[in-house]
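So the structure is just underneath, and the comments pick up after that.
Here the structure is a predicted model, which is why all the values come from computation and not from measurement. First the proteins, then the strands, lettered A, B, ... as listed; each starts at 1.
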Number of protein chains: 2
Amino acid sequence: MAQDKSTIDINRPLTVGEVAARAGVAVSTLHFYEERKLIQSIRTGGNQRRYRREVLRRVAVIKAAQRVGIPLADIGAALSSLPDGRVPNAQDWAGLSARWRSALDRRIEDLIALRDHLDGCIGCGCLSITACPLRNPEDRLAEQGAGAQLLLRP
Amino acid sequence: MAQDKSTIDINRPLTVGEVAARAGVAVSTLHFYEERKLIQSIRTGGNQRRYRREVLRRVAVIKAAQRVGIPLADIGAALSSLPDGRVPNAQDWAGLSARWRSALDRRIEDLIALRDHLDGCIGCGCLSITACPLRNPEDRLAEQGAGAQLLLRP
DNA sequence: GCTTGACCTCAACTTAACTTGAGGTTCTAT
DNA sequence: ATAGAACCTCAAGTTAAGTTGAGGTCAAGC
């Protein structure tokens, strides 16, 4: 029975307040994510949300992806590739990770380019030149005889 | 005189439309940046904006910074360290670069940590553990007995 | 059994970063 | 000298990602 209790305890669903505290987000944010289908909950008889512990990882992943600059809508799309019924396993998560990897790489490159070339390029005039590494590759394609461009796009 | 003409030509101020085309942004965006004091213009007798060529570099820097997730307000604060009257020289720009350097470094390290551990951690469960390298350093400080957190903040 | 802290919904507000539109003016090329 | 392209201002709208608040319900401890 002691064993039963501990099993029950570890699987006990979390309240919205508990998830908020442990995931480091506001309760309203969890409501918002749920509305946007990024997370799910079940309801108690009294209509209160209860979350599986797995939601903590999901929220952590959402925050990670946001940190990389991925919009919530995209995150939602990616998360929706996770299985609906069963708890996602390592492979499910790895697939997600692969999808975001290139965005992450790009962002890191942009950051490094910004850092390394602020000193070197910013004052030298090369920013106006097509070959400047600070320029956004997309700009290069998009332009028709344009001039200076660097590297934005959040 | 031919020389004079070419000098005049290369220093000729740009219209808002020209800047927009060459910088790869909308005219309305330039109006907006001006309102936010990120760029400046002088006016013709007919109240039309004229820009120094230097504005192209400024806009390029703004775009670069935005691309890595720096808010316009911060960009504006940094740009305001550039001289008002005279055209910024390489040292002015280098100063800007220095101001951003540590923030950029931190951010780069943060994202690299994320990248290095994305595959490994996302599926393994350690995301919920305080020691997970994927967690945002800021979360770690901010939390009071919280649980899972990862790495956001665009 | 009742008080108090958590929850619930729904609508409205917020901030950032722009875009769109209306109504009017200036420039430039014919 | 005039048509059409570019400009101008100012107000309002848009999207993302939440937050805030009003008005009402649930549940855990004393």
Side-chain angles (χ1 to χ4, degrees), chain A residues 9 12-51 55 58-59 61-79 103 136 150-154, chain B residues 12-51 55 58-59 61-79 136 142 149-154:
Chain A
D9 200 36
R12 176 180 60 93
L14 301 166
T15 67
V16 70
E18 285 166 340
V19 172
R22 302 183 62 151
V25 299
V27 168
S28 63
T29 302
L30 295 172
H31 287 180
F32 176 71
Y33 286 170
E34 188 169 327
E35 188 195 306
R36 294 294 184 86
K37 315 269 187 188
L38 292 166
I39 59 175
Q40 281 162 274
S41 65
I42 51 176
R43 299 301 181 108
T44 64
N47 195 36
Q48 301 201 342
R49 291 170 177 83
R50 285 303 119 93
Y51 296 94
V55 84
R58 235 175 137 99
V59 173
V61 169
I62 292 168
K63 291 176 78 186
Q66 279 194 306
R67 194 137 136 247
V68 181
I70 298 171
L72 273 194
D74 293 4
I75 299 171
L79 285 177
N136 188 346
L150 203 60
L151 33 44
L152 185 45
R153 152 146 295 177
Chain B
R12 176 180 59 94
L14 302 166
T15 67
V16 70
E18 285 167 341
V19 172
R22 304 183 63 154
V25 301
V27 168
S28 61
T29 302
L30 294 173
H31 287 180
F32 176 72
Y33 287 169
E34 187 169 326
E35 189 194 306
R36 294 298 184 84
K37 317 267 189 187
L38 292 165
I39 58 176
Q40 281 161 274
S41 64
I42 51 176
R43 300 301 180 107
T44 65
N47 195 34
Q48 301 201 344
R49 291 170 176 84
R50 285 303 120 93
Y51 296 94
V55 84
R58 239 177 134 97
V59 173
V61 170
I62 293 168
K63 291 177 76 185
Q66 277 196 306
R67 188 136 137 250
V68 298
I70 300 173
L72 273 193
D74 293 3
I75 299 171
L79 285 178
N136 190 344
Q149 261 156 143
L150 203 58
L151 33 52
L152 187 44
R153 157 149 289 182

In whole Å, what is the span from the [atom1] atom of [X] to the [atom2] atom of [N]?
X        : N       : atom1 : atom2 : result
Phe32(A) : dC13(C) : CZ    : C1'   : 14 Å
Glu18(B) : dC7(D)  : CD    : C1'   : 13 Å
Leu38(A) : dA16(D) : CG    : C1'   : 12 Å
Asp74(A) : dA16(D) : CG    : P     : 10 Å
Ile75(B) : dA16(C) : CD1   : P     : 13 Å
Glu35(A) : dG18(D) : CD    : P     : 12 Å
Tyr51(B) : dC8(D)  : OH    : C1'   : 11 Å
Leu30(A) : dT20(D) : CG    : C1'   : 16 Å

**Item:** Heavy-atom check, side chain of Arg49(A) versus side chain of Thr15(A), under 4.5 Å
**Value:**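 When only atoms from C-beta onward are counted, Thr15(A) and Arg49(A) do not touch, as no gap falls below 4.5 Å.
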
**Message:** Do Gln66(A) and Leu72(A) make a side-chain contact, defined as non-hydrogen atoms from C-beta onward lying under 4.5 Å apart?
**Reply:** yes

**Rounded distance [0.5 Å steps], CG in Leu38(B) versus CG in Leu30(B)** =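 These two atoms lie 10.5 Å from each other.
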
Can you tell me which nucleotide in [options] comes closest to the side chain of [X]?
X        : options                   : value
His31(A) : dT19(D), dC8(C), dC7(D)   : dC8(C)
Thr15(A) : dC7(C), dA17(C), dC7(D)   : dC7(C)
Val16(A) : dG18(D), dC8(D), dC7(C)   : dC7(C)
Tyr33(A) : dA17(C), dG18(D), dC27(C) : dG18(D)

**Request:** On DNA chain D, check which nucleotide each of Asn47(A) and Pro71(A) is closest to and give me the residue with the more 5' one.
**Result:**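 The residue mapped nearer the 5' terminus is Pro71(A).
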
**Message:** Which is more 5' along DNA chain D, the nucleotide nearest Gln48(B) or the one nearest Gln48(A)? Just name the residue.
**Reply:** Gln48(B)

Counting only side-chain N and O atoms of [X], is one of them less than 4.0 Å from OP1 or OP2 of [N]?
X        : N       : answer
Ser28(A) : dT20(D) : no
Arg49(B) : dT26(C) : no
Gln66(A) : dG18(D) : yes
Thr44(B) : dC8(D)  : no

**Asked** Quick one: on DNA chain C, does Val27(B) or Arg50(B) contact a more 5' nucleotide (nearest heavy atom)?
**Response**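 Between the two, 5'-proximity favours Val27(B).
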
**Request:** Indicate, with a heavy-atom threshold strictly under 4.0 Å, whether Thr29(B) touches base, sugar-phosphate, or nothing.
**Result:**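 Answer is sugar-phosphate: Thr29(B) comes under 4.0 Å of backbone atoms only.
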
**Prompt:** With a 4.0 Å cut-off on heavy atoms, is Arg43(A) in touch with a base, just the backbone sugar-phosphate, or nothing at all?
**Reply:** sugar-phosphate

**Item:** Residues Val59(B), Thr29(B); criterion side chain to side chain contact (heavy atoms under 4.5 Å, CB included); working and verdict
**Value:** CA-CA 10 Å; Val59(B) 173; Thr29(B) 302; over 6 Å; no

**Message:** Restricting to non-hydrogen atoms, name the atom on Ala26(B) and the atom on Ala20(B) that form the minimum distance, rounded to 0.1 Å.
**Reply:**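 For Ala26(B) versus Ala20(B), the nearest heavy atoms are C-CB, 4.1 Å.
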
**Prompt:** For the side chain to side chain contact (heavy atoms under 4.5 Å, CB included) test, which of Val19(A), Leu79(A), Val55(A) pairs with Ile39(A)?
**Reply:**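 The option that passes is Val55(A).
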
